[in-house]
Peer 1: 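Below are the structure tokens for one structure; questions will follow.
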Amino acid sequence: MKNLIKDLKTFIILWSTQSLSQLGSAMTSFALTLWVYEKTGSALQTALLSICSYAPYVLMSIFAGALSDKWNKKKVMLVCDTFAAFCTVMVLALLKTDLLKPVHIYGLNMINGLMNTIQQPASDVAMTMITPKKYFQKTSGMRSFSNSLITILNPVFATALFAFGGMESVICVDLTTFVIAFGALLFGVKLPAISNEGAQSGLTLWESAKSGLKYLRDHDLILVLILFLAGVNFVASAFDAVLPAFILPKENGGEKVLGIVTSCAGIATLTGSFLVTLLPKPRNRIRVIYLTMLISLGTENYLLAFGRTPALWCLGQIIGWLPVPFMSANLDVILRTTIPVDMQGRVYSCRNTLQFFTIPLGTFIGGFMVDKVCEPVMASDFGAGLLTALFGSGKGSGAAMMMFILGVAGTAICLVFGRILRKYRYTD
């Protein structure tokens, strides 16, 4: 145990403080979701929060990795964190002067999304640089563990602070966690040098980005996994857009129930993260990836679509999210052991563009389908009878109908890509 802590000392400092800062940011995002839904009552306008965050991420990721491979990773993380904190301060200033509107949040989310686009590949490479290869699966489990805690705690803390102290209290906590993480990164983390870092400095930005795409083209296993996860992200992001519109309007729903249901996802991933950290590596990492997603997408959406009680909604979240750390850890090991460290920034960024471009698309379609298609159908004469028996009545029944559609789509994606992935072999 002492050797483990000694070997991972730098990782633990960076991981723990960055996770704390992510908790603060997640609390602000959750509180803003509540604020926008209260102001607009629209699933689509609430979904625009995520769309504005992910649009820059998708559009610019391919270039961000090339920059990350050229630039100092620590400086990139520090600068991006500072800009993100500035956006949070702007939200607070607009709120205090009673000038805050949804359009302001959309704009600031776009800036945050751009900063995250540049920071993410630098952070991913930094984690590889400070982690011995033999600990890759354990540290991946630790990162899943912290993400799980964030998912559990952020809606609970955000809802409590939002109810008793308003948005201002949530933002103050967010800024406090930023200061802690910034100080730890600045003074407590030293990244080792990469011997061939800067070897690409003679290439233009476009040429450097193209080298990441070329790597994916020449390694089709990674490319197929990325495209599979792009399909999974489409369904998952649409689900995230639909969930508030599903729970908030219901008589047995509301803000507290939404917080509880969201926290169940964190409890499930927390449990999964413990298991990933403790269990030995599987014999077939590829099979674990697509089977876990089949269980997740093929269960959660149906339970929420047909469930009438918070208990069933929580059960759906638990079954849907418990397998996620197994997928994430095995994908993480495949990427880190396959891609050379000096190329990881470029390849990860190309991965981000291809794997995550479906998130704003899914978020928009999820919100649009609820507002413009499913809710009107359920409110019409056509919705009476069988559809009402399946999905209920009143506001929120259209969201339940959309959950069912997403369940069908998710199951189909997993079955199709499962057949493709069976032909590939991978060994650590």
Side-chain angles (χ1 to χ4, degrees), residues 29-51 102 151 155-156 158-159 162-163 234-266 268 296-321 362-410:
S29 296
F30 189 87
L32 287 173
T33 299
L34 297 178
W35 188 88
V36 171
Y37 193 84
E38 281 185 358
K39 295 292 183 183
T40 66
S42 168
L44 181 56
Q45 290 193 54
T46 305
L48 281 173
L49 291 171
S50 295
I51 294 172
T151 306
V156 177
T159 302
F162 188 76
F234 175 83
V235 176
S237 59
F239 174 89
D240 289 340
V242 173
L243 188 63
F246 175 76
I247 293 177
L248 290 174
K250 294 184 179 295
E251 291 183 2
N252 59 345
E255 294 175 4
K256 291 184 179 179
V257 174
L258 177 61
I260 292 170
V261 172
T262 304
S263 295
C264 284
S296 177
L297 299 182
T299 304
E300 179 179 20
N301 290 287
Y302 296 127
L303 276 173
L304 270 76
F306 300 125
R308 297 286 194 273
T309 65
L312 280 177
W313 306 338
C314 291
L315 178 62
Q317 285 281 78
I318 291 170
I319 296 176
W321 284 92
T363 302
F364 174 81
I365 289 178
F368 177 84
M369 286 290 292
V370 171
D371 281 356
K372 306 299 182 182
V373 180
C374 296
E375 291 288 357
V377 166
M378 293 301 298
S380 67
D381 293 338
F382 182 78
L386 179 60
L387 291 181
T388 300
L390 290 174
F391 306 119
S393 60
K395 192 170 178 63
S397 59
M401 179 183 179
M402 187 60 192
M403 293 284 189
F404 172 75
I405 295 171
L406 292 174
V408 174

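Computation of the quantities below employed the complete heavy-atom set of this structure, encompassing side-chain atoms and omitting hydrogens, waters and symmetry-equivalent molecules.
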Peer 1: Specify the closest pair of heavy atoms between G398 and C374, including all atoms of both residues, with the distance to one decimal.
Peer 2: O-CB, 3.1 Å
Peer 1: Run the side-chain donor-acceptor check on residues 252-266: report pairs under 3.5 Å with partners two or more places apart or on a different chain.
Peer 2:
unit_1: N252; atom_1: ND2; unit_2: R308; atom_2: O; d: 2.9
unit_1: T262; atom_1: OG1; unit_2: L258; atom_2: O; d: 2.7
unit_1: S263; atom_1: OG; unit_2: I152; atom_2: O; d: 2.8
unit_1: S263; atom_1: OG; unit_2: G259; atom_2: O; d: 2.8

Peer 1: State which residues pass ring pair (Phe, Tyr, Trp, His ring centres under 6.0 Å) with F364; sequence neighbours excluded, sorted by chain then number.
Peer 2: F368
Peer 1: Using ring pair (Phe, Tyr, Trp, His ring centres under 6.0 Å) as the criterion, list what pairs up with W321, not counting sequence neighbours.
Peer 2: none
Peer 1: Does the T299 side chain pair with the main chain of S296, one donor and one acceptor, at a distance under 3.5 Å?
Peer 2: no
Peer 1: Could you grab the distance from atom CH2 of W313 to atom CG of L303, nearest 0.5 Å is fine?
Peer 2: 12.5 Å
Peer 1: So which atom in L406 and which in A238 form the shortest heavy-atom distance, rounded to 0.1 Å?
Peer 2: CD2-CB, 3.6 Å
Peer 1: Below 3.5 Å, can you tabulate the donor-acceptor pairs from side chains in residues 239-250 to any protein atom, sequence neighbours excluded?
Peer 2:
none

Peer 1: Does any N or O in the side chain of Y37 come within less than 3.5 Å of the main-chain N or O of Q45, such that one atom is a donor and the other an acceptor?
Peer 2: no
Peer 1: When rounded to the nearest 0.5 angstrom, what distance separates CD in E300 from CD1 in I319?
Peer 2: 9.0 Å
Peer 1: List the atom of F306, the atom of L390, and the distance in Å for their closest heavy-atom pair.
Peer 2: CD2-O, 3.6 Å
Peer 1: Work out which heavy atom in S50 is nearest to a heavy atom in T363; give both atom names and the distance.
Peer 2: CB-CG2, 3.9 Å
Peer 1: By side chain to side chain donor-acceptor pair (under 3.5 Å), which residues pair with S42, not counting sequence neighbours?
Peer 2: D371
Peer 1: Can you name the side-chain contact (heavy atoms from CB on, under 4.5 Å) partners of L48, sequence neighbours left out?
Peer 2: I51, Y106
Peer 1: Any idea which heavy atoms bring P376 and V373 closest together, and the distance?
Peer 2: CD-O, 3.3 Å
Peer 1: Holding to side chain to side chain donor-acceptor pair (under 3.5 Å), I want the full list of residues that pass it with E375, two or more places apart in sequence or in another chain.
Peer 2: none
Peer 1: Residues in side-chain contact (heavy atoms from CB on, under 4.5 Å) with A236, at least two apart?
Peer 2: none
Peer 1: Of all heavy-atom pairs between A158 and F30, which one has the smallest distance, and what is that distance?
Peer 2: CB-CD2, 3.9 Å
Peer 1: Could you state the interatomic distance from CD1 (I365) to NZ (K372), rounded to the nearest 0.5 Å?
Peer 2: 15.0 Å
